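To keep things clear, I will list the structure first and then write my remarks on it.
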Amino acid sequence: MAKIVPTESAAVTPKAAPSSYLEWGGIFGGGVIACAISVVLLQFGSSAGLALGSPTLPNGGASWNVLAAGLWVVIVAIASSAAGGYVVGRMRTRWEDSKQSESEFRDGIHGIAVWALATLGAAFFLAMLGGHGATAVVNPANAQLNESTVRLSAHIAAIFSFATAAGSALGAASAWFAAITGGEHRDEGIAFHHVVPVLLRKR
């Protein structure tokens, strides 16, 4: 009678963890998308009269142009960061060694990385514009500004700077939550078609 040799069940080899959980391809892609959306929205705002204009009216009163421009900057920062964060959340690979909470954290970190990359790109662009603007300020043609106008300009510049910083902080939060949402849609297999508003869906 032949002897039956018991066989051992094959062990399941866990998926090897990568050397880095940050996927820079998706991060750069999301950052580029965020920067592109920012440029388009800022151009749209400029054409619609939401650009940073003169701080005073022709009669010498304070202008609301800077406040409107600051509010538009906040909206642009939130919208572009959310779009970039959602893209990287959908594109990131979910590794099998992470639980749901850990996967959400990694998605959020990727969203923050997209926001940071887009913010650095915007800071570099604004620094170039700032250098050009400084040349215009020292132009002798601007020497006729009185003291009250200079003081008003300084106050409004401070308000606009605060709005820019607030927009940046809100952009980071929107990138975090949008990346987590994108990761949830990735894991649940939700088609992008269902994310698009009804009026913009393909008929």
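Because the structure is a prediction, the values reported are computed rather than measured. Positions are given from 1 along the sequence.
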Test log, rule side chain to side chain contact (heavy atoms under 4.5 Å, CB included), inputs Ile109 and Trp176: CA-CA 7 Å; Ile109 288 297; Trp176 172 278; 4.0 Å; yes

Gap between atom [atom2] of [Y] and atom [atom1] of [X] - 0.5 Å precision:
{"X": "Ile180", "Y": "Arg186", "atom1": "CD1", "atom2": "CZ", "answer": "11.0 Å"}
{"X": "His110", "Y": "Arg106", "atom1": "NE2", "atom2": "CZ", "answer": "9.5 Å"}
{"X": "Tyr86", "Y": "Thr181", "atom1": "OH", "atom2": "OG1", "answer": "8.0 Å"}

Same hydrophobic cluster for [X] and [Y], using side-chain heavy-atom links shorter than 4.5 Å among ILVMFWY?
{"X": "Phe105", "Y": "Ile27", "value": "yes"}
{"X": "Val114", "Y": "Ile37", "value": "no"}
{"X": "Ile78", "Y": "Val87", "value": "no"}
{"X": "Val73", "Y": "Phe162", "value": "no"}
{"X": "Val88", "Y": "Trp24", "value": "yes"}

Worked check of side chain to side chain contact (heavy atoms under 4.5 Å, CB included) between Val39 and Cys35: CA-CA 6 Å; Val39 171; Cys35 289; 5.6 Å; no

Between the main-chain N or O of [Y] and the side-chain N or O of [X], is there a donor-acceptor pair closer than 3.5 Å?
{"X": "Ser38", "Y": "Ala34", "value": "yes"}
{"X": "Trp72", "Y": "Leu41", "value": "yes"}
{"X": "Arg92", "Y": "Gly26", "value": "no"}

Could you report the tightest heavy-atom contact between [X] and [Y], atom names first, then the distance?
{"X": "Arg90", "Y": "His185", "result": "NH1-CB, 3.3 Å"}
{"X": "Gly31", "Y": "Ala118", "result": "O-CB, 4.2 Å"}
{"X": "Ala82", "Y": "Ala178", "result": "O-CB, 3.2 Å"}
{"X": "Asp107", "Y": "Gly89", "result": "OD1-O, 4.4 Å"}

Close side-chain approach of Ser174 and Trp115, heavy atoms under 4.5 Å: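 Sidechains of Trp115 and Ser174: no contact.
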
